[in-house]
Every structure is written in C-alpha cells, then in structure tokens.
Number of protein chains: 2
Amino acid sequence: MADINFSRTVADPDSKGPEATSPAARSGEFRWDIIELLFFAYRDFVGDADLELEAFGFGRAHHRVMHFVYRYPGLKVADLLDVLRITKQSLGRVLKQLLDEGYIIQKTGNNDRRQRLLYATPKGEALVAKLAGLQTDRITRALAEISPDGVAAINQFLRAMIDREDPDKVLEAIFGTGSKKPRE
Amino acid sequence: MADINFSRTVADPDSKGPEATSPAARSGEFRWDIIELLFFAYRDFVGDADLELEAFGFGRAHHRVMHFVYRYPGLKVADLLDVLRITKQSLGRVLKQLLDEGYIIQKTGNNDRRQRLLYATPKGEALVAKLAGLQTDRITRALAEISPDGVAAINQFLRAMIDREDPDKVLEAIFGTGSKKPRE
DNA sequence: AAATTTATGTCAGCCATATTGACATATCTT
DNA sequence: AAGATATGTCAATATGGCTGACATAAATTT
C-alpha cells in the first residue's frame with residue numbers, strides 16, 4: 001500500500017502545555033496518509049466541475065447553489081445559507097445571477113408568503129446534470145474495483161467524517177434523522 | 001443506509017446532443033450520495049483547521065503551504081506551485097508572510113543555487129502538528145468502527161479518485177511511481 | 001390593533017485569495 | 001556569450017468571502 005504514515009515529535013504550537021492539544025497531537029501519531037489523500041481527491045473531484053463552469057462564466061459557488069436547489073427543490077434561502085455556511089450577502093450575489101440567467105426560479109411559499117422557495121429550471125437541471133455526470137464518472141471509476149463491503153465502508157467513513165450536532169435541513173434528509181423527505 | 005440516490009431524466013445542457021455528455025449523464029444515473037457526502041465531509045474536515053487558523057491570522061492557503069513544506073522538506077517553490085495549483089503571485093504573498101513570521105525558512109540549493117528550498121521551522125512544525133492533530137482526531141473517530149478491510153477500501157477509493165496523469169512531485173512520493181522518497 | 005419577530009433583500013465597504021502580463025535578477029546550460 | 005530556468009516582484013483585476021446597517025413584507029405574539 002506504500003502508506004506514508006509515521007510519527008514525529010514536534011513542539012507545542014502555543015507553548016501552552018499539552019492540555020491545549022488533541023489526542024493525536026499528544027500521541028504524535030498523525031493520519032498524514034488520509035489527510036493528503038483527502039486533499040488530492042477533493043482537489044481533482046471539484047476540478048472536473050471547475051473546468052466546465054468556466055464555459056458558463058460561473059464559479060464553484062454557482063455550482064454549489066445549483067446542486068442543492070436541484071436536489072432539494074423548494075429549498076428556502078435560509079436553508080441554503082445553513083448548508084453552504086456563507087452569509088446572505090455572499091449568497092445573494094450568486095443567487096441573483098442564477099435567477100437573472102434563468103437557471104433558478106423562485107416561488108412564494110404557500111403557508112408562509114415571506115418565503116422564496118427555490119427551484120431549478122430545465123436549464124438549471126441540465127447544468128447540474130452535466131456537472132454531476134463528470135463527478136459520477138470519476139466516482140464510478142474509483143469504485144469499480146471495490147467490493148460491496150468496501151463501498152459500504154467508504155459510505156460509512158464519509159458519513160462519520162461529518163459533524164452531526166446541529167444538522168441543517170439537507171443533512172437531516174441525508175441522515176434521515178428528521179421526518180423530512182429529500183424530494184417530491 | 002437511507003441512501004438518497006435515484007435517477008431522473010434531464011435535458012442536455014448545451015443542446016449539443018449526447019456526444020457531449022458523460023456516461024453517467026447519458027445513463028441518467030448519478031452518484032448523488034457520494035457527491036454530497038464528499039462535500040459535507042470535506043467541509044467539516046477543513047473546518048476544524050479553519051477555526052484554529054483564525055487565531056494565527058492565517059487562512060487556508062497558509063495551512064496548505066505549511067503542510068506540504070513540513071511533510072516534504074526541501075520542497076522547491078516550483079513544486080509547491082504544482083501541488084497547490086495556484087500561481088506564483090498568489091503563493092508569493094502567503095509564502096512571504098510565513099517566512100517573515102518565522103514559520104518557514106529558505107535554504108539555497110546545493111546543486112542549483114537558484115533554488116530556494118523550503119523548510120518548516122520548529123514554530124512552523126508546531127502549527128502543522130496542531131492542525132494535523134485536529135484532523136487526525138476526526139479521521140480516527142471516523143475509522144474507529146471500520147474493519148481493516150474497510151480501511152483498505154477507503155484508502156483505495158481515495159487514491160483512485162486522484163488524477164494520475166502528470167503527477168507532481170508530492171503525488172509521485174505518495175504513489176511511489178518515481179524514485180523519490182517523501183522525507184529525509 | 002400594535003408590537004415584535006422572521007424571511008428576505010440590498011447598500012456600502014472591506015479582506016483574502018486567486019488571476020494575467022510584464023519584467024528583473026541570479027544562475028545554470030549550451 | 002547566449003539562452004533557458006528558478007525565483008521574485010510590480011500593477012491591475014476578479015471572485016467570493018466578510019460585517020454592519022437598514023428596508024420591506026408577512027407572520028406571530030401580546
């Protein structure tokens with residue numbers, strides 16, 4: 001496997017003593033292998049979409065918005081803010097572009113007329129599908145040689161890497177902790 | 001497992017016909033589950049370090065530079081540019097800060113005196129260790145319930161997600177394709 | 001009915017991180 | 001000596017974050 005994973009003793013960053021350090025830092029054992037694999041895997045994973053997005057004059061932010069609006073139709077602006085962890089002002093700029101260019105439409109909420117529920121237009125759906133296609137191809141290739149048990153382990157690992165306290169609406173849907181259904 | 005993973009037919013983004021679409025887009029089958037898990041897992045994974053970095057007045061860019069300089073001592077500026085996929089100018093600003101504040105030192109290359117080989121100082125090593133500790137803790141927690149075979153599958157998956165054509169110096173070390181050793 | 005809270009939008013300005021292009025210097029290679 | 005390479009730096013620009021303040025409409029509470 002050629003794992004690059006060895007320990008090395010280093011000084012405490014703040015000279016505050018060991019109480020400020022994590023279990024790993026105290027033991028001197030780090031998962032350099034996974035840390036670096038995650039960096040490179042994510043870099044290349046989002047790189048696929050980045051290339052395509054240039055042709056549309058969009059950036060990563062547009063992709064993230066389009067993705068979640070398509071996947072969770074009727075998402076509120078506030079939900080999107082929770083998921084993306086950005087401010088209203090940052091989202092506003094990107095969302096306005098997507099609305100103006102016809103990738104997303106807003107509908108006034110039925111119960112609460114203050115809400116602007118977000119939906120992807122066919123044009124928006126097509127963009128999401130194109131980008132998700134590229135990413136799915138990479139995932140499919142990566143999973144091709146892995147057993148069903150292995151795929152289950154990968155799923156379990158990725159889920160366990162996610163913070164569970166204070167989950168947003170989308171995470172509740174993914175983890176099935178609430179009663180929300182993801183679509184339809 | 002509560003996987004949210006279903007297909008749905010969408011229009012072609014560019015109306016260019018099916019030849020422009022990926023296998024996944026043509027089949028209408030997407031790995032929404034993995035796509036979203038990767039998004040959230042990476043968001044929370046880097047979030048750990050982001051919080052710490054604020055206290056140092058640094059950003060994500062500083063972390064990436066520190067990490068690779070520490071892990072691959074004697075890295076050249078050009079190597080770092082390949083790994084981080086940013087421009088010399090962007091790197092320059094961040095690197096200058098890290099040099100000025102004593103997290104990194106430069107040594108002139110022995111064979112080629114044009115080169116500035118980069119090394120982490122003890123102060124720099126301590127910062128890297130602190131951040132890697134947080135991330136290692138998360139990884140350790142996530143791997144805790146997973147069998148050795150499962151961990152191997154996770155490793156294999158992450159490696160397979162990475163582009164192998166035109167690997168940079170660090171990737172050669174990780175994959176062992178060249179004769180380079182990662183440290184010392 | 002009035003007051004308060006909530007959901008959203010917007011304005012002005014700031015910061016970090018990225019970009020391109022041009023150019024300078026030192027050093028190595030031919 | 002000429003050319004290529006490794007690095008550094010200047011100027012200008014773009015994107016995508018941020019904070020704080022404020023406005024509107026609609027829902028909720030008092």
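Atoms considered below: every heavy atom in the structure, side chains included; atoms not considered: hydrogens, waters and symmetry mates. Sequence lines set the chain letters: A, B, ... in the order given, protein chains first and strands last, and positions in each chain run from 1.
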Please tell me which of the listed nucleotides, [options], lies nearest to the side chain of [X]?
X      : options                : value
B:D112 : D:dA27, D:dG17, C:dC28 : C:dC28
B:I86  : D:dA26, C:dA18, D:dC18 : C:dA18
A:Q89  : D:dG17, D:dA21, C:dA18 : D:dA21
A:R116 : C:dT17, C:dG9, D:dT19  : C:dG9
A:R114 : C:dT20, D:dA27, D:dC18 : D:dA27

Could you tell me whether B:D163 and A:R138 make a salt bridge, using a distance below 4.0 angstrom between a side-chain N and a carboxylate O?
->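 Salt bridge flag = yes for A:R138 with B:D163.
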Electrostatic pair B:R141:B:D44 at N-O distance under 4.0 angstrom | no
Run the ring-centre check on B:F68 versus A:F40 and record whether the distance is less than 6.0 Å.
-> yes
Could you tell me if the ring centre of A:F157 sits under 6.0 Å from that of B:F157?
-> no
OP1 or OP2 of [N] versus the side-chain N and O atoms of [X]: is any pair under 4.0 Å?
X      : N      : answer
B:Q106 : D:dT7  : no
B:S90  : C:dT19 : yes
A:T87  : D:dG17 : no

Are A:E36 and B:H67 close enough that a side-chain donor and a side-chain acceptor fall under 3.5 Å?
->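 Note: A:E36 and B:H67 side chains meet the donor-acceptor criterion.
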Could you state the [atom1]-[atom2] distance from [X] to [N], rounded to the nearest angstrom?
X      : N      : atom1 : atom2 : result
B:Q115 : D:dT5  : CD    : P     : 13 Å
B:R64  : C:dT17 : CZ    : C1'   : 9 Å
A:L75  : C:dA7  : CG    : P     : 14 Å
A:L81  : C:dT8  : CG    : P     : 8 Å
A:N111 : C:dT6  : CG    : C1'   : 15 Å
A:F58  : D:dT15 : CZ    : P     : 12 Å
A:K76  : D:dA26 : NZ    : C1'   : 14 Å
B:L91  : C:dA16 : CG    : C1'   : 15 Å

Tell me what B:G92 touches on the nucleic acid: a base, only sugar-phosphate, or nothing, going by heavy atoms under 4.0 Å.
-> nothing
Indicate, yes or no, whether a donor-acceptor pair under 3.5 Å links the base of D:dG16 to the side chain of A:R93.
-> yes
Give a yes or no on whether a donor-acceptor pair under 3.5 Å exists between the nucleobase atoms of C:dG9, that is its base, and the side chain of A:K88.
-> yes
Could you check A:R85 against A:N110 and say which one's nearest nucleotide on DNA chain D is further toward the 5' end?
->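 Closer to the 5' end of DNA chain D: A:R85.
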